[in-house]
Number of protein chains: 2
Amino acid sequence: MLNQNALLDLTFQALTDSTRRSMLAQLTQGPATVSELARPLAMSLPAVMQHLAVLESSGLVRSEKVGRVRTCRIDPQALSLAEQWLNQRRIEWEQHLDRLGDYLETMKTEGESNDNGK
Amino acid sequence: MLNQNALLDLTFQALTDSTRRSMLAQLTQGPATVSELARPLAMSLPAVMQHLAVLESSGLVRSEKVGRVRTCRIDPQALSLAEQWLNQRRIEWEQHLDRLGDYLETMKTEGESNDNGK
DNA sequence: ATTTTGGTTAAGCATGTCCTTAAGTATATT
DNA sequence: AATATACTTAAGGACATGCTTAACCAAAAT
């Protein structure tokens with residue numbers, strides 16, 4: 001069974017490689033067979049298969065074989081997992097900046113009240 | 001010189017590792033020194049330094065040394081690069097689904113007009 | 001039936017990643 | 001001046017990654 005963090009590992013890991021990112025980009029244009037995915041890439045078919053395996057292990061891509069042709073398609077949900085993690089980090093950082101802003105504001109106000117009471 | 005794709009490589013690569021992700025999560029709570037980053041982690045200080053180097057090479061984190069203390073902070077812009085790439089993929093996929101939807105709708109309508117003309 | 005096509009498996013090799021320990025440097029602190 | 005602190009560098013080892021080539025298999029075409 002796969003916890004959230006292990007799944008994130010697999011997802012970002014899958015996205016690390018530029019070949020896999022271009023395979024994903026192609027798949028956003030619609031489903032493709034293994035050889036269609038391989039055509040624009042400057043490497044052997046087995047290499048492409050290995051990239052595909054990584055994409056599938058992260059759940060970013062699913063595939064099924066009919067006859068001798070394997071058709072691959074993107075899974076939109078998996079993309080959003082990584083996106084949500086990034087989004088959460090950005091939100092927390094913004095909250096931190098807000099708190100920092102409030103703090104600085106408080107300091108300023110206290111400084112003014114000191115001046116007033118002088 | 002660093003092109004967009006190489007930068008994405010470095011960014012996703014940085015995000016792949018669960019230790020680095022937790023360092024990032026900590027940094028969203030505010031800046032931290034190297035030893036503060038190391039404290040919750042079950043590994044040697046040099047190991048943490050190496051993770052920090054990866055985070056810095058991707059631009060996700062910046063740091064500066066004052067006296068003997070190095071203070072690290074997150075760079076919000078770098079996070080958004082990865083986020084934007086993911087977002088773009090999702091958008092393209094949704095557009096694909098829309099076009100597919102239109103196509104199916106067209107098929108249905110043509111089917112009806114065939115029925116009508118029968 | 002034979003050959004072609006589309007994919008798959010296996011093995012191996014070069015390189016990269018993630019950690020370690022040992023030793024070092026530069027700033028505080030006492 | 002001597003010691004402690006905060007980091008830094010270097011070297012190396014275990015394992016992972018990204019390719020390759022050489023078979024191999026099953027569905028389709030001839």
Side-chain angles (χ1 to χ4, degrees), chain A residues 2 5-27 30-74 82, chain B residues 2 5-27 30-74 82:
Chain A
L2 216 53
N5 202 49
L7 190 54
L8 263 178
D9 255 357
L10 289 173
T11 304
F12 280 121
Q13 149 101 267
L15 293 169
T16 297
D17 187 271
S18 144
T19 299
R20 286 193 289 270
R21 287 203 304 278
S22 77
M23 287 170 74
L24 266 184
Q26 177 175 351
L27 287 175
T33 69
V34 173
S35 7
E36 281 166 358
L37 282 176
R39 193 160 306 135
L41 302 173
M43 66 183 65
S44 68
L45 204 59
V48 174
M49 295 280 307
Q50 285 164 35
H51 283 303
L52 183 58
V54 174
L55 287 169
E56 292 208 58
S57 80
S58 72
L60 284 165
V61 167
R62 293 171 167 281
S63 76
E64 58 177 348
K65 197 169 179 177
V66 174
R68 64 185 172 180
V69 175
R70 177 173 296 279
T71 302
C72 313
R73 71 193 69 236
I74 222 170
Chain B
L2 213 55
N5 203 49
L7 189 55
L8 263 178
D9 255 356
L10 289 173
T11 303
F12 280 121
Q13 149 99 262
L15 293 168
T16 298
D17 187 89
S18 143
T19 298
R20 286 194 291 270
R21 286 203 304 278
S22 76
M23 288 169 74
L24 267 184
Q26 178 175 351
L27 287 175
T33 69
V34 172
S35 4
E36 281 166 359
L37 281 175
R39 194 160 305 136
L41 301 173
M43 67 183 63
S44 68
L45 204 60
V48 174
M49 295 280 306
Q50 284 164 36
H51 283 302
L52 183 58
V54 174
L55 286 169
E56 291 209 58
S57 80
S58 72
L60 283 165
V61 168
R62 292 170 169 283
S63 75
E64 57 176 351
K65 198 169 179 176
V66 173
R68 64 185 171 180
V69 176
R70 177 174 298 279
T71 302
C72 312
R73 69 193 70 236
I74 223 171

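As the structure is a computational prediction, the values presented were derived from the model and not from experiment. Proteins get letters first, then strands, A, B, ... in listed order; numbering begins at 1 in each.
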How many whole angstroms separate atom [atom1] of [X] from atom [atom2] of [N]?
{"X": "B/M23", "N": "C/dC18", "atom1": "CE", "atom2": "P", "value": "12 Å"}
{"X": "A/L45", "N": "C/dT5", "atom1": "CG", "atom2": "P", "value": "14 Å"}
{"X": "A/L15", "N": "D/dT17", "atom1": "CG", "atom2": "P", "value": "14 Å"}
{"X": "A/E64", "N": "D/dA27", "atom1": "CD", "atom2": "P", "value": "16 Å"}
{"X": "A/L37", "N": "C/dG6", "atom1": "CG", "atom2": "C1'", "value": "13 Å"}
{"X": "B/R20", "N": "C/dC19", "atom1": "CZ", "atom2": "C1'", "value": "12 Å"}
{"X": "A/L52", "N": "C/dT9", "atom1": "CG", "atom2": "P", "value": "11 Å"}
{"X": "B/D17", "N": "C/dC18", "atom1": "CG", "atom2": "C1'", "value": "8 Å"}

(request) Between A/G67 and A/P46, just flag the one whose closest nucleotide in DNA chain D comes earlier from the 5' side. (result) A/P46

(message) For a 4.5 angstrom cut-off between non-hydrogen side-chain atoms, does B/H51 reach B/L41?
(response) no

(message) Do B/T71 and B/V66 make a side-chain contact, defined as non-hydrogen atoms from C-beta onward lying under 4.5 Å apart?
(response)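 Not touching, per the 4.5 Å side-chain cut-off.
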
(request) Describe the nucleic acid contact of B/E36 in one word from base, sugar-phosphate, nothing, applying a heavy-atom distance below 4.0 Å. (result)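 Counting heavy atoms under 4.0 Å across all strands, no contact is made by B/E36.
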
(message) If you only use heavy atoms from C-beta on, which nucleotide in D/dG18, D/dA10, D/dC19 is closest to the side chain of A/A47?
(response) D/dC19

Is [X] near enough to [N] that one of its side-chain N or O atoms lies under 4.0 angstrom from OP1 or OP2?
{"X": "B/S44", "N": "C/dC19", "answer": "no"}
{"X": "B/K65", "N": "D/dT8", "answer": "yes"}
{"X": "B/H51", "N": "C/dT17", "answer": "no"}
{"X": "B/Q13", "N": "C/dT17", "answer": "yes"}

(message) Tell me whether B/R20 contacts the main-chain N or O of B/Q13 through its side chain, where contact means a donor paired with an acceptor under 3.5 Å.
(response)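 Judged by distance alone, yes, a pair lies under 3.5 Å.
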
(message) Taking A/T16's backbone N and O only, do any of them form a donor-acceptor pair with A/R21's side chain (distance below 3.5 Å, no angle check)?
(response)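 At least one qualifying donor-acceptor pair exists.
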
(message) To the nearest 0.5 Å, what is the distance between CE on A/M49 and CG on A/L52?
(response) 6.5 Å

(request) Answer with yes or no whether B/R68 presents, from its side chain, a donor or acceptor under 3.5 Å of a partner atom in the base of D/dA6. (result)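 For B/R68, whose side chain was compared with the base of D/dA6, there is no donor-acceptor pair (under 3.5 Å).
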
(message) So for B/Q50 and D/dT9, does any side-chain atom that can act as donor or acceptor lie under 3.5 Å from a complementary atom in the base?
(response) no

